4 protein chains.
Amino acid sequence: MQEGRRNQLIDAALSLFAEKGYENATIKDLAEACGVAPGLVYHYFDSKEDLLLAVFEKHGFVAELERVLLPSFDRPASEVLLEVVQGYHDLLVERESFVRMIVREAMTNPELEARWTAMCNTGVQTLARYLTARVAAGELRPHDTEISARMLTHPVVVMRLTGGSGQLSSIVSCLLDGITNRRKTGKD
Amino acid sequence: MQEGRRNQLIDAALSLFAEKGYENATIKDLAEACGVAPGLVYHYFDSKEDLLLAVFEKHGFVAELERVLLPSFDRPASEVLLEVVQGYHDLLVERESFVRMIVREAMTNPELEARWTAMCNTGVQTLARYLTARVAAGELRPHDTEISARMLTHPVVVMRLTGGSGQLSSIVSCLLDGITNRRKTGKD
Amino acid sequence: MQEGRRNQLIDAALSLFAEKGYENATIKDLAEACGVAPGLVYHYFDSKEDLLLAVFEKHGFVAELERVLLPSFDRPASEVLLEVVQGYHDLLVERESFVRMIVREAMTNPELEARWTAMCNTGVQTLARYLTARVAAGELRPHDTEISARMLTHPVVVMRLTGGSGQLSSIVSCLLDGITNRRKTGKD
Amino acid sequence: MQEGRRNQLIDAALSLFAEKGYENATIKDLAEACGVAPGLVYHYFDSKEDLLLAVFEKHGFVAELERVLLPSFDRPASEVLLEVVQGYHDLLVERESFVRMIVREAMTNPELEARWTAMCNTGVQTLARYLTARVAAGELRPHDTEISARMLTHPVVVMRLTGGSGQLSSIVSCLLDGITNRRKTGKD
DNA sequence: GATGAATGAGCCTTCATTCAT
DNA sequence: AATGAATGAAGGCTCATTCAT
């Protein structure tokens with residue numbers, strides 16, 4: 001089994017699946033993209049579905065996600081959160097094909113739905129753990145840290161997926177400081 | 001043209017598309033679900049793609065979205081935001097099939113991607129307009145209101161789509177008050 | 001469901017399967033033989049295997065076999081056996097395609113093997129029952145009637161299948177009278 | 001050219017062909033069964049069909065058949081026929097795989113049909129020659145000896161192939177003595 | 001001798017779509 | 001409006017075969 005060829009097929013498959021969707025991408029497409037005969041694909045994978053799973057094996061990034069979302073507990077949120085959100089954002093950009101693919105296929109493929117759900121929740125809980133540590137440290141007030149983790153990360157994904165734009169630093173400052181006006185004004 | 005039959009087909013199509021995905025749902029599936037012959041579908045729609053568009057025509061909910069996300073400008077955010085988030089959440093629940101379908105198909109169908117992007121951004125901007133009004137009213141501090149609108153809405157969608165759970169009220173309170181601890185503690 | 005078209009497909013399938021063997025006969029072959037598009041076959045049958053079963057449903061001939069092999073018990077074997085063997089022979093000729101097909105496929109398809117085994121044994125036992133009656137009637141001597149039934153029928157099948165030739169009447173007379181020389185000769 | 005490897009391939013091919021049928025057995029199956037790479041098969045055989053022929057070359061048993069079916073002319077049939085039938089039966093049991101394979105493939109492969117026809121007829125004629133000798137010797141009455149040869153052998157094959165059972169000795173006694181009742185009874 | 005990656009034709013099957021009734 | 005037989009273009013997959021190593 002030549003790993004090189006196998007990897008080439010997996011990577012090309014990811015591109016195709018992300019671009020056209022799993023069922024619209026044909027084995028022939030894939031073969032052409034790799035400059036090989038269609039039959040060869042079945043030398044490396046049992047089936048198209050098996051290939052899809054192989055794509056996940058190779059391009060899944062739960063580990064990276066956890067690394068990015070888990071700063072050391074003793075660094076202050078005010079300093080670290082922007083790094084985290086930025087890192088999360090960069091990871092999504094780097095893995096955009098994969099993300100678009102999994103978001104799509106998870107909607108109808110139960111196995112993939114489970115994976116993508118797990119990935120999302122793992123990310124949230126990892127970050128929440130850090131935030132909880134900062135609550136304990138007295139930097140942050142006691143609150144639902146899973147929710148604040150979601151408020152930091154979910155807007156980033158949706159923005160990537162819908163072409164929306166916004167400053168990541170604003171996310172952090174809104175969350176840290178809130179949006180309520182605490183200064184006295186003449187109006188109210 | 002029997003409107004009833006047409007509507008029946010569209011609704012059944014939505015269910016099917018949401019459950020199995022557009023490509024995996026067949027015209028025969030649809031016909032069976034409606035108890036009619038496959039050929040009949042083509043009396044009401046030019047093609048399968050045309051049917052997909054008809055589903056959007058009937059089940060798109062930009063209007064509802066705007067209604068839910070636009071409270072009257074003179075009501076305070078502290079009072080209104082939970083209603084808004086809850087209303088948004090309920091709308092997503094009610095339209096879950098549609099949402100799952102569009103999220104999926106938008107990943108690969110440019111026309112649908114445009115619609116879903118527009119829908120998301122419309123929602124965000126609608127809510128942002130209200131928030132901006134509250135900044136002007138002095139209730140909220142000056143900030144990037146589009147971002148805060150995203151922080152209110154995006155976590156809700158992602159939670160629905162990934163089976164995550166969390167209190168909606170926590171979203172509102174985190175955003176309004178921030179998560180920074182402002183009380184003096186022994187530690188800091 | 002147009003029975004006519006269905007029957008046409010089944011009959012053509014029988015010819016093809018008998019001539020080329022089940023796996024060498026293609027759906028395209030079949031469609032061409034019937035002057036229709038390949039896809040149409042699947043309007044009438046779930047799969048190629050389903051079609052094979054339908055061929056059995058329509059062309060199996062256990063009933064005819066039993067009719068041919070069961071004369072009335074009171075007619076003497078000396079009179080009736082030639083009719084039986086001839087009738088059996090004629091039935092095989094008439095159903096040659098089916099027989100060749102089942103003989104072939106039974107070798108590897110367990111379900112078909114069961115059917116063909118049952119068919120063969122049913123035939124043997126039916127004829128044996130008649131012979132037993134003739135033993136009881138005193139016309140035939142007590143003996144293993146299942147074996148004599150086999151000696152009457154099996155040579156006929158094998159001859160058909162291997163292009164061998166021989167007088168059917170000889171089979172009957174050999175069996176009835178034996179081949180031992182009972183006259184005195186000078187030699188022995 | 002390693003004869004050992006070649007023989008191993010042929011024997012494994014016979015098993016596979018008998019079990020699954022020629023078309024359903026793949027070269028890969030064969031290679032796996034022998035623990036070698038698929039390509040190696042083509043060092044020993046030009047093609048799959050060539051391999052099939054090689055199986056015949058090695059496993060055909062016309063010689064054995066003739067040996068079994070040709071007793072010395074001066075031994076009496078009454079003594080020898082049971083040996084012959086039993087020997088024929090044992091040969092079929094020993095070569096069951098081959099028999100099942102050839103029966104199957106002969107139905108559709110003209111070349112194999114010729115071989116199997118020839119084999120059957122050779123057997124019949126060999127035995128018939130002996131029987132004719134016994135007629136000349138006065139032990140047996142003049143009759144169609146080819147038919148009696150068939151009546152001795154064909155039931156045995158069919159029984160093997162259809163899971164039927166019966167005493168071989170009954171075959172011999174039915175044929176030698178006939179089944180007609182020659183004793184006086186009250187009835188007749 | 002031996003490997004196994006690579007080929008490519010062809011198979012079964014699916015499915016959007018058409019159309020005569 | 002409604003049917004469902006019929007089409008035909010792919011699509012996933014298999015497999016005998018080749019060939020560079």
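Proteins come first, then strands; the chains are lettered A, B, ... in the order of their sequence lines, and each starts at number 1. Since we're looking at a predicted model, the values are computed, not measured. The figures that follow rest on heavy atoms only: side chains count, while hydrogens, waters and symmetry mates do not.
Taking 4.0 angstrom as the limit, Arg5(B) places none of its side-chain polar atoms (N or O) nearer than this to OP1 or OP2 of dA1(F). In terms of phosphate contacts, Tyr42(A) brings no side-chain nitrogen or oxygen within less than 4.0 Å of OP1 or OP2 of dT14(F). Distances shorter than 4.0 Å separate none of the side-chain N or O atoms of Lys28(D) from OP1 or OP2 on dC15(F). Tyr44(B) has a side-chain polar atom (N or O) that falls below the 4.0 Å cut-off from OP1 or OP2 of dA2(F).
Checking dG8(E), dT17(E), dC15(E) against the side-chain heavy atoms of Pro38(A) singles out dG8(E) as nearest. With dA16(E), dC13(F), dA5(F) as the choices, the nucleotide that has an atom nearest any side-chain atom of Lys48(A) turns out to be dC13(F). Closest to the Ala37(B) side chain, of the nucleotides dG8(E), dG8(F), dT3(F), is dT3(F).
Between the CG atom of Leu51(A) and the C1' atom of dG11(F) there is a distance of 15 Å, rounded to whole Å. Taking atom CD of residue Glu49(B) and atom C1' of nucleotide dC15(E), one finds them 16 Å apart after rounding to whole Å. Summarising the geometry, the separation between CG on Asn7(A) and P on dA5(E) is reported as 14 Å, rounded to the nearest angstrom. Distance, Leu30(D) CG to dT3(E) P: 13 Å, rounded to whole Å. In this structure, Arg6(C) places its CZ atom 13 Å from P of dA6(F), rounding to the nearest Å. Separating the CD1 atom of Ile27(D) from the P atom of dA5(E) is a distance of 18 Å, rounded to the nearest angstrom. Asn24(B) has its CG atom 12 Å from the C1' atom of dT14(E), to the nearest Å. dA6(F) atom P lies 11 Å from atom CE of Met1(C), rounded to whole Å.
Among the atoms of the strands shown, base atoms are found under 4.0 Å from some heavy atom of Leu40(D). At the heavy-atom level, Val36(D) lies under 4.0 Å from the strands shown only through sugar-phosphate atoms. Residue Ala25(D) is in sugar-phosphate contact alone, with no base atom involved, counting any heavy-atom pair closer than 4.0 Å across all strands shown.
When the nearest nucleotides of DNA chain E are assigned to Gln2(A) and Tyr22(B) by heavy-atom distance, the more 5′-ward of the two goes with Gln2(A). Across the interface with DNA chain F, nearest-nucleotide mapping of Gly35(B) and Gly35(C) shows Gly35(B) to be the residue nearer the 5′ end.
His43(B) contributes no side-chain N or O that forms a donor-acceptor pair with the base of dA1(F) under 3.5 Å.
Across every strand in view, dC12(E) sits in a pair with dG11(F) that passes the Watson-Crick or G-U test at under 3.5 angstrom. In a base pair of the Watson-Crick type (N1 to N3 plus N6-O4 or O6-N4) or a G-U wobble (N1-O2 and O6-N3), with each distance short of 3.5 Å, dA1(F) is matched with no nucleotide.
Contact check for Phe45(D) versus Leu52(D): no side-chain heavy atoms found under the 4.5 Å cut-off.
Considering every non-hydrogen atom in both Ala106(D) and Trp116(D), the closest pair reads CB-CD1, 3.1 Å.
Checked for salt-bridge contact, Arg95(C) and Glu64(C) meet the test: a charged N lies under 4.0 Å from a carboxylate O. At a threshold of 4.0 Å, the pair Arg115(A)-Glu105(A) does not count as salt-bridged, since none of the basic side-chain nitrogens sits closer than that to a carboxylate oxygen. For Glu19(A) and Arg100(A), the salt-bridge test fails: no basic side-chain N is under 4.0 Å from an acidic carboxylate O.
A 6.0 Å sphere centred on NZ of Lys58(A) holds more than 12 heavy atoms belonging to other residues, nucleotides or ligands.
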